[in-house]
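Structure first, then comments.
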Protein chains: 2
Amino acid sequence: MKMTEAKDKFIQTWGSLGTLWGINKAMAQIHALLLISPEPLSMEDIMEELHISRGNTSMNLRQLIDWGIVFKASKAGERKEYFTSEKDINELARQIARERSRREIQPTLKVLKEVSNIEDDGSAETKEFIKQTKALYELADTADAILNRIANQESNWLTKTFIKLLK
Amino acid sequence: MKMTEAKDKFIQTWGSLGTLWGINKAMAQIHALLLISPEPLSMEDIMEELHISRGNTSMNLRQLIDWGIVFKASKAGERKEYFTSEKDINELARQIARERSRREIQPTLKVLKEVSNIEDDGSAETKEFIKQTKALYELADTADAILNRIANQESNWLTKTFIKLLK
DNA sequence: TTAAACTTTCAAAAATTATTGAAAGTTTAA
DNA sequence: TTAAACTTTCAATAATTTTTGAAAGTTTAA
């Protein structure tokens, strides 16, 4: 496979993978592009490379910055803004873990705690509801703890952990 | 909070959470409903409870069955089919881990392996591409190994693991 | 058999989400 | 200041995904 082909394939794959995980295609593709660019890219560069509009590029870049995985990079003497992504893949994983915990798991935990706390009227329906929502709470809580653990550890924690788990 | 309110809130929340993860609302809601039902439900029951059409119910039930987290349950002497979900939350987690590995991580690994294997022509662009796609491969591989570990272990592995990680 | 009871399929419609592009906004060099 | 260079916003449009509902398909009791 040639570089151009490989690059296209990678960007395409990352794009559809994003969709599968609730991240939109353009956002995932911009991220993929920045991830493999040795140099920061301008908005023009990104628009051209991915064939997307200025507005689309601008909005998705903002979201990536919100997620903390893309940064603005000013080039000396240039007015234009450049963008670069987090290049350390472990740091990327940590940042994603951090954000998914904050955006998804925490709000879910809140609701599960709330609904599992209804008064037990003794009916089979209520008993099952309480039992299952409590079990889900525990599962989500464990998942959250693991994510936080990932989010806060040193760079190669994930790999080390896995090695430990194999033992 | 009253039972009816709590139930609605739980089903709603599970529905939007699904959307966020690339699972459609109806599918997530059907799953939520079955998860908290002490008795198996018929298609009519589900349609009525969630206000969704017969076709929608049928298709999403099939998907849930495909995922291995909902089962057909025949009631003696009844022609109608009933449906019930996996009630053991740890088993649910394992099944989801299994499917996400199979459906998402494995195909990604395949592409990453492929594209990271291009010939190094010595350019900065190619070098960065190879480096980053290899690093992503390792991350995805670790994630996959963890998922498989979850998928294959005994019921409360997840909890135990977490306790171990705390030490 | 057949017909009633039930489920699945799928084309059309509705709902949602993503994208565009031009106008409005902002920043900076002169 | 101002005007050029650039970015952001947002209403309109396009693309995608979900949902519906009725027709086709299947199963079972008699």
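This one's a predicted model, so the numbers in the text were calculated from it and none came from an experiment.
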- prompt: Starting at OH of A:Y82 and ending at C1' of D:dT7, how long is that distance when rounded to a whole Å?
  reply: 14 Å

field: With sequence neighbours excluded, residues passing side chain to side chain contact (heavy atoms under 4.5 Å, CB included) with A:K7
entry: A:M3, A:I11, A:L33, A:I36, A:E49, B:E125, B:F129

- prompt: Can A:S101 and A:D144 be counted as having a side-chain donor-acceptor contact under 3.5 angstrom?
  reply: yes

- request: Measure from CD1 on B:I46 to C1' on D:dT19 and round the result to the nearest Å.
  value: 16 Å

- request: Over all heavy atoms of both residues, which pair between A:N148 and A:Q106 is shortest? Give the atoms and the distance, please.
  value: ND2-NE2, 4.4 Å

- prompt: With the sugar-phosphate defined as primed atoms, P, OP1 and OP2, and the base as all remaining atoms, what B/S/- string results for nucleotides 8-19 of chain C, 5' to 3', for protein heavy atoms under 4.0 Å?
  reply: BBB------SSS

- prompt: Nearest heavy-atom pair of A:I52 and A:A26: which atoms, and what distance?
  reply: CD1-CB, 4.4 Å

query: What pairs meet the side-chain hydrogen bond (donor to acceptor under 3.5 Å, both in side chains) rule with one or both residues in residues 50-65 of chain B, with sequence neighbours excluded?
result: B:E44-B:R54

field: Sidechain N-carboxylate O distance under 4.0 Å for B:E5, B:K2
entry: no

task: Using atom CG of B:L61 as one end and atom P of D:dT19 as the other, report the distance to the nearest whole Å.
output: 13 Å

- request: Quick one: which residue pairs count as a salt bridge (Lys or Arg N to Asp or Glu O under 4.0 Å) with a foot in residues 73-83 of chain B, not counting sequence neighbours?
  value: B:K72-B:E81

- request: Nearest whole angstrom, please: distance from the C1' of D:dA4 to the CD of A:E78.
  value: 15 Å

task: Take the protein atom CD of A:E48 and the nucleotide atom P of C:dT20, then report the distance between them rounded to whole Å.
output: 15 Å

statement: Heavy atoms of B:E104 and A:L17 approach each other most closely as O-CD1, 4.3 Å

- prompt: With a 4.0 Å cut-off, would you call B:E91 and B:R98 a salt bridge?
  reply: yes

statement: To the nearest angstrom, the CE-C1' distance between B:M47 and D:dT20 comes to 10 Å

Check nucleotides 26-29 of chain C for protein N or O atoms closer than 3.5 Å to its own N or O atoms and list the pairs.
unit_1	atom_1	unit_2	atom_2	d
C:dT27	O2	A:R79	NH2	3.1
C:dT28	O2	A:R79	NH2	3.4

field: Runs of at least three Watson-Crick or G-U pairs with DNA chain D, cut-off 3.5 Å
entry: C:1-30 with D:1-30

field: Joint hydrophobic cluster, A:Y82 plus A:I46, side-chain heavy atoms closer than 4.5 Å
entry: no

- prompt: Cationic tip of A:R100 within the cone over B:W21's six-membered ring, i.e. under 6.0 Å and within 45° of the normal?
  reply: yes

